[in-house]
Amino acid sequence: MEAVVTRVITGAHYGLRDWLVQRITATIMAVYTVIALVVLLGGVPITYGVWSDLFAQGWMRVATLLFSASLAWHAWVGMRNILMDYIKPEGLRLSLQVGTLLVIAAYVGWTIQILWR
């Protein structure tokens with residue numbers, strides 16, 4: 001008599017996509033950090049005027065927004081995976097995921113407000 005093994009496959013199968021997103025967003029954040037360190041440690045004392053002039057330039061605003069969007073996506077993928085793995089009650093998990101998305105969206109919105117105010 002043969003035993004029948006039934007496999008129940010669950011989950012959204014984000015594996016490769018999540019892995020790629022985490023690597024790409026981490027690379028963008030690392031490049032931004034290196035550029036920011038080079039700019040900020042370039043020998044000029046950092047004053048409000050220097051800081052203001054730096055962020056008055058379009059390339060720095062766009063780079064900072066790209067960094068912020070990468071950080072948000074990176075955080076979302078990580079938090080979503082943690083919540084899916086460790087929070088089993090579906091209602092609680094959904095509530096925490098929605099809360100996480102709202103906080104991340106608020107931070108990105110705040111970043112946009114700061115950059116283009």
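- Val39 and Trp51 fall within the same hydrophobic cluster, where Ile, Leu, Val, Met, Phe, Trp and Tyr residues are linked whenever their side-chain heavy atoms come under 4.5 Å apart, directly or through other members.
- Looking at Ile28, Ile35, Val34 one by one, the single match for side chain to side chain contact (heavy atoms under 4.5 Å, CB included) with Val31 turns out to be Ile35.
- Atom-to-atom distance recorded for Leu66:CG and Trp59:CH2 is 12.5 Å, nearest 0.5 angstrom.
- Nearest heavy atom pair, residue His74 against residue Thr25, reads ND1-OG1, 2.7 Å.
- Smallest separation of non-hydrogen atoms from Asp18 and Arg80: OD2-NH2, 2.6 Å.
- Val62 and Ile112 sit in two unconnected hydrophobic clusters of ILVMFWY residues. Membership requires side-chain heavy atoms under 4.5 Å apart, directly or through other members.
- Contact between Leu54 and Leu40 at its shortest, heavy atoms only, is CD2-CD2, 4.0 Å.
- Here the straight-line distance linking atom CZ of Arg117 with atom CH2 of Trp110 works out to 10.0 Å at 0.5 Å rounding.
- Going from atom CG of Leu83 over to atom CH2 of Trp76 covers 7.0 Å, rounded to the nearest 0.5 Å.
- The closest side-chain heavy-atom distance from Phe67 to Thr111 is not below 4.5 Å.
- Side chains of Tyr107 and Ser68: a donor-acceptor N/O pair is absent below 3.5 angstrom, by distance only.
- Looking at Met79 and Gln97, their side chains never come closer than 4.5 Å, going by heavy atoms from C-beta outward.
- Follow the hydrophobic side-chain contacts under 4.5 Å out from Val44 and you reach Ile46 in the same cluster.
- Not a single side-chain hydrogen bond (donor to acceptor under 3.5 Å, both in side chains) links Trp116 to another residue, sequence neighbours left out.
- Taking CD of Gln57 as the reference point, atom OG1 of Thr64 lies at 10.5 Å (rounded to 0.5 Å).
- The heavy-atom pair separating Lys88 from Asp85 by the smallest distance is NZ-O, 3.0 Å.
- For the residue pair Ser70 and Met29, the shortest heavy atom distance occurs at CB-CG, 4.0 Å.
- Leu71 and Val21 fall into different hydrophobic clusters, defined by Ile, Leu, Val, Met, Phe, Trp and Tyr side-chain heavy atoms under 4.5 Å apart, directly or through other members.
- Put simply, the side chain of Thr47 reaches to within 4.5 Å of the side chain of Val50, judged on heavy atoms.
- The side-chain hydrogen bond (donor to acceptor under 3.5 Å, both in side chains) search around Gln113 returns none, not counting sequence neighbours.
- The 12-atom threshold is not exceeded at CH2 of Trp73, counting heavy atoms of other residues, nucleotides or ligands nearer than 6.0 Å.
- In this structure, Leu37 is not a member of the same hydrophobic cluster as Tyr32, with clusters built from ILVMFWY side-chain heavy atoms closer than 4.5 Å.
- To the nearest 0.5 Å, the span separating OG1 on Thr100 from CD1 on Ile104 amounts to 6.0 Å.
- Ser52 contributes no side-chain N or O that, together with a main-chain N or O of Tyr48, makes up a donor-acceptor pair within less than 3.5 Å.
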